[in-house]
Amino acid sequence: MTESKRLLLIDGNSVAFRAFFALYTSLNSFTNADGLHTNAIFGFNKMLDIMLAQVKPTDALVAFDAGKVTFRTKKYADYKGGRSKTPPELSEQMPEIRRLLTARGIKSYDLPNFEADDIIGTMAKQAEQAGYTTTIFTGDRDLTQLTSATTSVAVSKKGVSEVETYTPAHVEEKLGVRPDQIIEIKGLQGDTSDNYPGVTGVGPKTAVNLIQKYGTIDGVYDHIDEITAKKMKEHLVEDKDSAFSSRDLATIRRDAPVEISLADLTYLGDQQEELVAYYQQMNFQSFLNQMSADADGDDILGLKPVSFTVLTDQNVAEVNKLSGSVSFYLEMPEANYHTSPFVGFVIGQDDNWYVSRDVELLQTPALKQLLSSQKIKKDVFDAKRTYVGLNRLNVSLDNVDFDLLLASYLLDTNENSNDLGRLAFQHGYHDIQSDEEVYGKGAKRAIPDDDQLLFEHLTRKGIAIAALKPSLFDQLETNEQSDLYRNLELPMAFVLAHMEIAGITVDTDRLSEMQSQFTELLAQTQQTIFQEAGEEFNIGSPKQLGHILFEKLGLTPLKKTKTGYSTSVDVLEKLAAEAPIVENILKYRQIAKIQSTYVEGLLKVVHSIDQKVHTRYIQTLTQTGRLSSVDPNLQNIPIRTEEGRRIRQAFIPSHEDWQIFSSDYSQIELRVLAHITHDQNLQAAFKDNEDIHASTARRIFRLAPDAEVTPNMRRQAKAVNFGIVYGISDFGLSQNIGITRKQARTFIDTYFEEYPGVKQYMEDIVASAKEKGYVETIAHRRRYLPDINARNFNQRSFAERTAMNTPIQGSAADIIKIAMIKMEDAIKDMQATMLLQVHDELIFEAPAQEIATLEKLVPSVMDSAVKLEIPLKVESHYGNTWYEAK
DNA sequence: CCGGTCACG
DNA sequence: ACGTACGTGACCGGA
């Protein structure tokens with residue numbers, strides 16, 4: 001038997017399209033010296049590498065669309081109508097991709113009047129008859145209709161490296177029909193992106209049901225009289241022509257008049273000289289390196305070689321020759337740097353890089369002094385992480401100048417990878433790998449034993465930090481964000497580090513006591529529920545619960561989710577009157593949540609050494625500038641229900657006779673709103689220290705000056721105020737307070753009449769976002785809104801609400817951060833310690849005798865953090881536990 | 001690993 | 001007509 005032939009067929013346009021959008025956020029860091037965008041070319045080549053490695057083809061072809069006019073558009077003028085134009089940044093790359101293919105020894109081909117699909121369908125059929133094994137690579141799932149015993153279809157999913165491979169069995173499993181029936185489905189349901197209609201009212205589910213029952217569209221019409229659903233039958237009869245023509249449009253041709261044959265498709269492999277020239281022209285350093293590495297048989301994966309010195313006790317003093325700015329990186333492989341092991345470190349500058357696995361070297365005088373030196377600037381990736389890690393080694397870190405992670409987050413909150421390599425790559429620095437590439441992922445993740453591998457990776461991290469510093473600083477300056485970086489976020493990192501290191505003491509006995517109580521309560525409630533249900537089931541499973549409530553007990557399903565019946569609180573609360581079981585389920589859920597997340601969850605993360613929990617504040621995650629808290633999250637400890645609130649009894653001071661002290665901003669977001677909108681009426685309410693929700697109620701209900709604001713009016717006005725901050729919609733408001741959409745509309749209209757400044761601001765900020773592509777906070781924190789001009793209504797509306805909300809939520813975040821930096825200085829001579837931040841609230845512990853001082857000091861620091869057009873208001877509380885500080 | 005649910009501001 | 005409130009994290013069940 002001759003060697004088997006393996007054919008790789010690639011849908012050029014769709015893969016290029018996928019590559020372009022997978023690397024869309026890095027569009028501007030992928031340009032060559034001629035100003036040509038190269039992201040799609042780069043991504044295409046990456047994907048190509050993956051497919052070549054996987055398929056090891058003997059023959060290959062990349063098919064392209066010849067143009068807009070095809071036999072399909074001739075039959076049906078609207079085919080693919082309404083599609084937005086290919087972005088010019090992608091169009092300019094298409095000819096270059098074809099040049100790339102030539103250099104890589106792969107044939108490319110297009111055929112006038114036909115789409116790439118038809119070329120692929122035709123060649124795949126020929127290959128099947130000739131006994132080839134064929135793999136089709138595309139971004140378009142419609143091609144899965146071509147799968148057969150010898151033809152599989154790999155569809156690229158997310159990013160450039162993920163593909164899902166379809167065989168006939170996988171198609172059936174996933175879609176519910178055989179590959180040859182896909183066109184029947186498409187005929188019935190149509191295709192919005194290709195713009196053909198199918199049959200009115202028939203979506204994916206109905207289409208699959210019909211085809212499963214009748215096999216084909218012809219089968220459906222042969223049995224049209226069996227269809228009982230009246231409306232559907234009418235639509236089917238009416239749209240019969242459309243069904244058949246839609247099926248025709250969906251059918252990939254397998255007999256296109258191609259002028260090539262299988263014999264022309266031999267895969268020639270890389271044309272070395274041509275490819276080197278090509279990569280050079282495109283500035284693809286990493287592909288060039290990969291080529292030279294492959295040629296050497298070297299396995300360093302295409303990166304420039306780096307040199308480093310391994311530090312030991314003997315030569316550690318060599319670091320004394322470093323001066324000016326040094327890059328430093330401390331490797332801790334686990335996310336939680338309070339407990340992660342240490343793997344090693346790198347320190348250096350220019351061509352002098354020092355590495356070691358032995359972190360105890362950091363405690364030697366040379367390194368210790370260097371790291372705390374006021375004269376030598378330190379450039380790092382994640383200053384807070386580095387500071388806390390070094391603190392565990394009793395080494396202090398001072399004079400940090402550049403934090404790659406933090407700067408990168410401020411420049412674009414959307415590009416917020418935690419991986420140095422990945423982030424560097426996004427900023428156009430390619431001479432580095434991600435941790436995942438070097439260390440592996442999941443169960444296979446491991447720090448290499450090979451010193452060379454580890455030290456090279458660490459050295460590359462050090463070099464990347466240094467390499468990116470000038471350009472990121474430049475960009476911060478251009479964005480007027482240098483002040484935000486230097487005087488707000490960078491100092492903030494160390495304030496947070498101190499709070500994390502301090503931790504908060506947990507009364508584990510109190511938690512254990514609660515644990516037994518809840519265990520018993522849960523068991524009782526569970527038994528009651530089982531009796532009411534008449535059987536045992538898993539209450540925690542929405543699927544099983546839905547079955548019991550809506551099928552067995554016959555309650556009315558009010559809302560559905562993607563996967564079944566919704567059993568969320570708002571649904572269950574509406575059903576509570578129908579059956580007593582519902583109330584018990586709500587109770588069970590509430591207690592189960594407290595038990596698993598707060599009692600048991602918290603107990604799991606208490607450090608046995610100091611009886612404390614040490615959260616990590618993630619400073620570079622949220623899109624608005626807020627912090628987030630993980631491991632454990634101390635920003636969502638219950639307060640709204642009494643049972644939950646008691647969790648706070650377990651948060652106690654770390655010393656006898658100390659107290660928990662807490663101060664919170666009152667209505668900070670609405671005050672920020674009053675400030676940035678300059679609305680005179682809203683500002684007047686705050687200047688007069690009014691109850692803001694009551695004040696809003698007076699206005700939106702147009703009450704006379706002496707009329708009383710009822711609690712219900714105040715409640716509704718409060719919801720309107722929230723709605724305004726969130727970027728209001730009548731639907732959202734109506735859902736929230738259970739009124740009609742029309743009533744909600746009236747509230748909103750009246751609100752805007754009463755607060756014209758707010759209305760003006762909302763219009764202006766959306767217009768500005770559409771023009772600039774981003775919005776800003778008072779401290780110049782920036783959030784890009786790529787969807788603000790989207791054609792999709794949903795995406796665009798979301799971006800518009802975000803444009804309205806982000807300056808408000810983000811400026812409030814700026815304010816409390818400024819207050820925290822000032823606070824650390826204000827209490828530096830006291831024993832009081834700042835422990836937690838919960839968005840608009842700061843929590844301290846302090847000796848009882850310092851409480852009186854704090855009561856004056858903390859509010860004064862907080863309300864004078866920034867000067868706004870309205871006053872800020874702060875309220876304080878204290879007690880023996882966090883629970884009592886209310 | 002994702003979706004549903006629910007805890008917070 | 002479209003189908004929505006803004007920002008988070010942890011847990012569980014079930015692919």
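Remember, it's a predicted structure, so these values are computed and weren't measured experimentally. Just so we're on the same page: letters track the sequence lines, and every chain starts at 1.
- Residue A:R616 is out of contact with every strand shown, counting any heavy-atom pair closer than 4.0 Å.
- Taking atom CG of A:N736 as the reference point, atom C1' of C:dG3 lies 16 Å away to the nearest angstrom.
- When rounded to the nearest whole Å, the span between CD1 of A:I748 and P of C:dA5 equals 14 Å.
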- Dot-bracket assigned to DNA chain C with the 3.5 Å Watson-Crick/G-U criterion, [ ] for crossing and | for other-strand pairs, is .....|||||||||.
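- If you check C:dG7, C:dG3, C:dA5 against the side chain of A:T802, the one that comes closest is C:dG7.
- Contact annotation: A:Q623 side-chain N/O to C:dC6 OP1/OP2 distance is not under 4.0 Å.
- By the 5.5 Å and 30° criteria, A:F731 is stacked with the base of C:dT4.
- In this structure, A:Y617 atom OH and C:dG9 atom P are separated by 13 Å, rounded to whole Å.
- Expressed to the nearest 0.5 Å, how far CG of A:L603 lies from OG of A:S512 amounts to 5.0 Å.
- Outside the 6.0 Å centre-distance limit, the rings of A:Y751 and A:F747 are not counted as a close aromatic pair.
- Residue contacts for A:S729: at a heavy-atom cut-off of 4.0 Å it reaches a base atom on one of the strands shown.
- Classification of the A:W882-A:F651 ring pair by plane angle, with boundaries at 30° and 60°, yields perpendicular.
- Residue A:L621 is in sugar-phosphate contact alone, with no base atom involved, counting any heavy-atom pair closer than 4.0 Å across all strands shown.
- With a 6.0 Å cutoff to the six-membered ring centre and a 45° limit on the axis angle, A:K441 does not count as a cation-pi contact of A:Y439.
- The side chain of A:N538 lies closest to C:dG13 when the candidates are C:dA5, C:dG3, C:dG13.
- For the pair A:S629 and C:dG9, the criterion of a side-chain N or O lying under 4.0 Å from OP1 or OP2 is not met.
- When the P atom of C:dC11 is taken as reference, atom CG of A:L602 falls 10 Å away, rounded to whole Å.
- Shown here is A:K543, whose NZ atom has no more than 12 heavy atoms of other residues, nucleotides or ligands within 6.0 Å.
- Rounded to whole Å, the separation between the P atoms of B:dC6 and C:dA5 comes to 15 Å.
- With contacts defined as side-chain heavy-atom distances shorter than 4.5 Å, the pair A:P807/A:I676 qualifies.
- Of the C1' atoms belonging to B:dA7 and C:dC2, the separation is 32 Å, rounded to the nearest Å.
- Atom CG in A:L603 sits about 16 Å away from atom P in C:dA10, given to the nearest Å.
- For the pair A:R783/A:T802, a side-chain contact is recorded, criterion being any heavy-atom separation below 4.5 Å from C-beta on.
- In this structure, the ring-ring contact (aromatic ring centres under 6.0 Å, His included) partners of A:Y774, at least two apart in sequence or on a different chain, are A:Y784.
- Distance CG (A:L673) to P (C:dA5): 21 Å, rounded to an integer number of Å.
- A:E642 pairs with exactly one of A:R640, A:R645, A:R646 by the salt bridge (Lys or Arg N to Asp or Glu O under 4.0 Å) rule, that one being A:R646.
- Residue-environment remark: NZ (A:K612) exceeds the threshold of 12 foreign heavy atoms within 6.0 Å.
- As a whole-Å value, the separation of A:Q735 CD from C:dC6 P is 13 Å.
- Atom CG in A:D631 sits about 15 Å away from atom C1' in C:dT8, given to the nearest Å.
- Residue A:G723 is classed as a base contact, given a heavy-atom separation below 4.0 Å to a base.
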- Query: For nucleotides 3-9 of chain B, read 5' to 3', which letter fits each nucleotide if B means a protein heavy atom sits under 4.0 Å from the base, S means only the sugar-phosphate is that close, and - means neither?
  - Reply: -SSBBBB
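- Among the heavy atoms of the strands lying under 4.0 Å from A:A719 is at least one base atom, whether or not backbone atoms are also near.
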